[in-house]
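A short write-up of the structure that comes next.
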Amino acid sequence: MPSCRQFIAITPRCGSTWWCDLLAHAGLGRPAEFLNGDGLWCKSRPPNTPLISWAELHQGMACSSGTEQYDLKASWFQFMPLLDPPLETTLATEGFPTTIWSYLTRRDLPAQALSLYLMRRVGSAHSRKGQAKPVFDATWFHPSPANHEALMCWLLHIVQQEYGWEAFFLRHSIKPWRYIYEDIAQHPILSLRRYLRHADLRGVRRAELTLSPAVCARRATRCSRFVKRDYPTTASGDLLASFKHRFARQLSTIDELRGKEAAASLMKICAMSRLDRSEMKGL
């Protein structure tokens, strides 16, 4: 029967596409967002159709991935609709009984929110080697109240997903392998080597078992064509600095409570009930 081999829980703009590309080049499957609304599985189902069984999901994911033992990555808002009460009770037995769970986050929330804010405006999520740079509008970087509140909306969007994942892991006694974007960016080979060894110990086999995790990690890092998106350094830095200054108190509270409180609760705690949320329309 089809089953999920690896599940990589993510939040937006945490470097997951690059990380999964590294895993693919290292011979450890091809984790992808098969639950994305633009994916084959979602498009093949009538809108708002509830999941009947975990077997239905596994069959659909196997079809999307082209392999019985598939690897999946998903944001909380992609995964959450699957968790109807009847199905959630069998998650550990029929859903993901042998899955290796991992959780990728980003340490710098304001920078993550800025990346999401700009990605929505540019209309593309990733940059590859040799690809033309996207065009940025100077008005996006003005340190204005509108841009500040837009950034805060996206930051709360990220924080809500962190809260969802943490509550889910606690509810199901899942202890995921945790790793942080900034650490991967600073030490990609070391980070990948550690995860490959972790996966080996948990029984997830690489495509090329003759190569050591260290060799696979070095080759994968060299072969990946994804690069960090290059934003206008001065303009983005000024916007981020002004945003952090305006919301200094709120950001301190959010950083302390991230993963422990829902976004609506944080808005009340931080007295942000009048925050302009027009940025989120159409999401």
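Note that the numbering runs from 1 along the sequence shown for the chain.
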Applying side-chain contact (heavy atoms from CB on, under 4.5 Å) to Thr11 and Gln112, what does each step give before you reach the verdict? CA-CA 9 Å; Thr11 57; Gln112 187 175 2; 2.9 Å; yes
Which value, rounded to the nearest 0.5 Å, describes the distance between [X] atom [atom1] and [Y] atom [atom2]?
X: Leu211; Y: Leu196; atom1: CG; atom2: CG; value: 11.0 Å
X: Leu83; Y: Trp76; atom1: CG; atom2: CH2; value: 5.0 Å
X: Met1; Y: Glu94; atom1: CE; atom2: CD; value: 10.0 Å

Among the clusters formed by ILVMFWY side chains lying less than 4.5 Å apart, do Met267 and Leu109 turn up in the same one?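 Met267 clusters together with Leu109.
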Decide whether Leu114 and Leu275 are clustered together by the hydrophobic rule: side chain heavy atoms of Ile, Leu, Val, Met, Phe, Trp, Tyr closer than 4.5 Å, transitively. yes
Is it true that Tyr117 and Trp154 have ring centroids separated by less than 6.0 Å? no
Do Phe168 and Phe79 have ring centroids that are under 6.0 Å from one another?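 Phe79 vs Phe168: aromatic centres under 6.0 Å.
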Lys/Arg N to Asp/Glu carboxylate O, [X] vs [Y], below 4.0 Å:
X: Asp183; Y: Arg107; answer: yes
X: Glu279; Y: Arg121; answer: yes
X: Glu149; Y: Arg246; answer: yes
X: Arg197; Y: Asp200; answer: no

Dump the intermediate steps for side-chain hydrogen bond (donor to acceptor under 3.5 Å, both in side chains) on Ser102 and Tyr179, then the final yes or no. CA-CA 8 Å; Ser102 58; Tyr179 41 112; 3.0 Å; yes
Taking it one step at a time, do Phe34 and Lys73 satisfy side-chain contact (heavy atoms from CB on, under 4.5 Å)? CA-CA 8 Å; Phe34 297 121; Lys73 74 163 178 167; over 6 Å; no
Tell me, with the steps shown, if Arg13 and Met119 meet side-chain contact (heavy atoms from CB on, under 4.5 Å). CA-CA 9 Å; Arg13 311 307 293 164; Met119 183 270 285; 4.0 Å; yes
For the residue pair Ile8 and Leu72, establish whether any side-chain heavy-atom pair is separated by less than 4.5 Å. no
Would you mind reporting whether Ser115 and Tyr231 have side-chain heavy atoms less than 4.5 Å apart? yes
How about [X]: does its [atom1] atom have over 12 heavy atoms from other parts shown lying under 6.0 Å from it?
X: His172; atom1: NE2; result: yes
X: Arg258; atom1: CZ; result: yes
X: Leu190; atom1: CG; result: yes

Run Ile100 and Arg5 through side-chain contact (heavy atoms from CB on, under 4.5 Å) and show every step you take. CA-CA 6 Å; Ile100 292 183; Arg5 187 174 64 156; over 6 Å; no
Do the ring planes of [X] and [Y] sit parallel (below 30°), tilted (30 to 60°) or perpendicular (above 60°)?
X: Trp19; Y: Tyr195; result: perpendicular
X: Trp54; Y: Phe96; result: perpendicular
X: Phe136; Y: Trp140; result: perpendicular

Going by distance alone, is a donor N or O of one side chain under 3.5 Å from an acceptor N or O of the other, for His58 and Glu68? no
Ignoring hydrogens and angles, state whether a donor on the side chain of Glu162 or Thr105 is under 3.5 Å from an acceptor on the partner side chain. no
